[in-house]
Undergrad: 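Take a look at this one; I'll ask things after.
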Amino acid sequence: MRRRAALALACGFAATVPAGAADALADLPAPPAGTLRVYLVRHGQALSNLEPTPALPEEQLDHLTELGTRQSDAAGRALASRGEASVLSSPASRARETAEVVSRGVGARPVAVDARLQPLVLGQAADGRKLEWKERIAEWRAGKDPSPPGGESMERVGERVSELVRELLAGRKGASAVVLVAHSEVIGAYLGRVRGTPPPQRYPPGIGNGSISVVDVSAAGLEAVALANYVPTMP
């Protein structure tokens with residue numbers, strides 16, 4: 001997510017589960033039998049997250065920094081003892097790089113890419129130009145959650161992640177956990193959907209780089225947030 005206002009706001013929410021706190025994952029009770037535990041990992045710090053943003057082409061900005069790789073490794077280590085889990089990633093390079101590091105940590109099969117984990121699509125303004133994040137943020141602050149031409153609302157982003165989760169639940173073949181590597185607004189939109197938060201209020205998402213959130217999904221498809229924005233301690 002490459003936008004200054006969003007990064008500043010997200011930092012204000014990053015203390016949901018402070019970095020360096022006791023292992024919040026270990027403190028989670030085991031879910032009931034038949035539950036699918038969904039670990040939602042935000043990608044590590046990318047070049048596009050730096051302030052100021054480096055003067056590089058957009059495709060070059062979509063890669064992890066050294067810190068981002070360390071954050072990804074910390075997430076993988078934190079998830080290593082949580083049982084075998086498949087790893088799915090957003091198509092974005094920063095997410096795929098994170099997912100590869102996390103996958104090595106959990107000993108998972110090769111990473112699968114799913115477009116339902118991609119960043120929110122901004123869409124176009126009435127004059128045909130691409131909308132900017134500051135324009136979308138202004139709408140959410142005003143209590144609106146529109147779907148602009150070629151773009152998405154926060155509600156739709158939460159829906160598409162929920163659709164993926166239900167699909168994974170139905171086809172899991174006995175698996176009890178899955179790791180989804182995505183973006184702050186994507187994870188925030190989904191957590192807000194599960195919690196019943198009005199769509200405009202799901203932004204800012206308050207999801208830190210390399211953080212882990214957890215949603216438990218019952219065999220009947222009922223979703224519940226078990227943990228949000230836990231930032232593992234880096235070695």
Side-chain angles (χ1 to χ4, degrees), residues 1 6-32 35-46 49 64-65 67-90 94-95 97-108 111 117 158 161-162 164-165 168 176-197 202-217 223-235:
M1 183 171 58
L7 287 173
L9 288 166
C11 288
F13 284 77
T16 304
V17 182
D23 188 345
L25 288 177
D27 292 339
L28 285 179
T35 298
L36 177 65
R37 178 154 279 183
V38 181
Y39 297 102
L40 299 137
V41 178
R42 184 189 174 190
H43 63 79
Q45 183 194 67
N49 295 139
L64 296 182
T65 63
L67 173 59
T69 300
R70 291 174 56 213
Q71 291 170 331
S72 304
D73 180 66
R77 290 173 182 270
L79 293 170
S81 60
R82 310 303 159 197
E84 183 178 354
S86 56
V87 180
L88 281 72
S89 173
S90 156
R94 58 194 183 278
E97 291 171 6
T98 298
E100 292 291 347
V101 176
V102 170
S103 181
R104 290 195 293 272
V106 302
V111 173
L117 298 173
V161 178
S162 188
L164 170 59
V165 169
L168 293 170
S176 60
V178 63
V179 178
L180 306 181
V181 181
H183 309 267
S184 60
E185 78 279 7
V186 175
I187 296 171
Y190 176 56
L191 295 180
R193 176 180 173 82
V194 174
R195 288 168 165 159
T197 305
R202 300 177 195 175
Y203 198 95
I207 304 296
N209 288 113
S211 66
I212 301 171
S213 299
V214 181
V215 172
D216 286 335
V217 189
E223 301 162 298
V225 177
L227 181 67
N229 197 40
Y230 166 59
V231 181
T233 302
M234 290 184 292

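Along the sequence shown, residues are numbered consecutively beginning with 1.
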Undergrad: Please report the shortest heavy-atom distance between S89 and A99, naming the atom on each side.
TA: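 Shortest heavy-atom contact: CB-CB, 3.6 Å.
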Undergrad: For a side-chain contact (heavy atoms from CB on, under 4.5 Å) check, start with the C-alpha distance between R202 and R195, then their side-chain angles and the critical distance, and finish with the verdict.
TA: CA-CA 10 Å; R202 300 177 195 175; R195 288 168 165 159; over 6 Å; no
Undergrad: Is the backbone of E223 close enough, under 3.5 Å, to the side chain of D216 for a donor and an acceptor to pair up by distance?
TA: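 Not a single qualifying donor-acceptor pair exists.
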Undergrad: To the closest 0.5 Å, what do you measure between CZ (R94) and CG (N49)?
TA: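 Rounded to the nearest 0.5 Å, the CZ-CG separation comes out at 7.0 Å.
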Undergrad: Going by side chain to side chain contact (heavy atoms under 4.5 Å, CB included), V111 matches just one of V102, V87, V181, V101. Which one?
TA: V87
Undergrad: If you compare all heavy atoms of P235 against all heavy atoms of D73, which two are closest, and at what distance to 0.1 Å?
TA: CG-OD2, 4.4 Å
Undergrad: Do you know which two heavy atoms are closest between R193 and S162, and how far apart they sit?
TA: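 Minimum heavy-atom separation between R193 and S162: NE-CB, 3.5 Å.
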Undergrad: Which residues satisfy the side chain to side chain donor-acceptor pair (under 3.5 Å) test with Q45, sequence neighbours excluded?
TA: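 Checked Q45 against side chain to side chain donor-acceptor pair (under 3.5 Å); matches are T65.
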Undergrad: Is any side-chain heavy atom of S213 less than 4.5 Å from a side-chain heavy atom of L191?
TA: yes
Undergrad: Can you name the residues that form a side-chain contact (heavy atoms from CB on, under 4.5 Å) with S211, not counting sequence neighbours?
TA: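 Partners of S211 by the side-chain contact (heavy atoms from CB on, under 4.5 Å) criterion, ordered by chain and then number, come out as R42, I207, N229, V231.
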Undergrad: Can you check whether E97 reaches T69 side chain to side chain, under 4.5 Å on heavy atoms?
TA: no
Undergrad: For a 4.5 angstrom cut-off between non-hydrogen side-chain atoms, does L180 reach V165?
TA: yes
Undergrad: Considering only NZ, NE, NH1 and NH2 on the basic side and carboxylate oxygens on the acidic side, decide whether D23 and R77 come within less than 4.0 Å.
TA: no
Undergrad: Can you tell me how far apart CD1 (I212) and CG (L25) are? Round to the nearest 0.5 Å.
TA: 5.0 Å
Undergrad: Give me the atom names and distance for the closest heavy-atom approach of A182 to S90.
TA: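 Smallest interatomic distance, heavy atoms only, reads CA-CB, 4.4 Å.
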Undergrad: Tell me, with the steps shown, if V179 and R82 meet side-chain contact (heavy atoms from CB on, under 4.5 Å).
TA: CA-CA 11 Å; V179 178; R82 310 303 159 197; over 6 Å; no
Undergrad: With rounding to the nearest 0.5 angstrom, report the CG to CG distance, L64 to N209.
TA: 9.0 Å
Undergrad: Apply the test side-chain contact (heavy atoms from CB on, under 4.5 Å) to residues L88 and L168: give CA-CA distance (whole Å), side-chain angles for both, the deciding distance (0.1 Å), then the verdict.
TA: CA-CA 10 Å; L88 281 72; L168 293 170; 4.1 Å; yes
Undergrad: Indicate the atoms forming the closest heavy-atom contact of L67 with M234, along with that distance.
TA: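 Shortest heavy-atom contact: CD1-CE, 3.6 Å.
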Undergrad: Is there a side-chain contact between P205 and I187 (heavy atoms, below 4.5 Å)?
TA: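 No, their side chains stay 4.5 Å or more apart.
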Undergrad: Looking at A85 and V106, what are the two nearest heavy atoms and their distance?
TA: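 Shortest heavy-atom contact: O-CG2, 4.2 Å.
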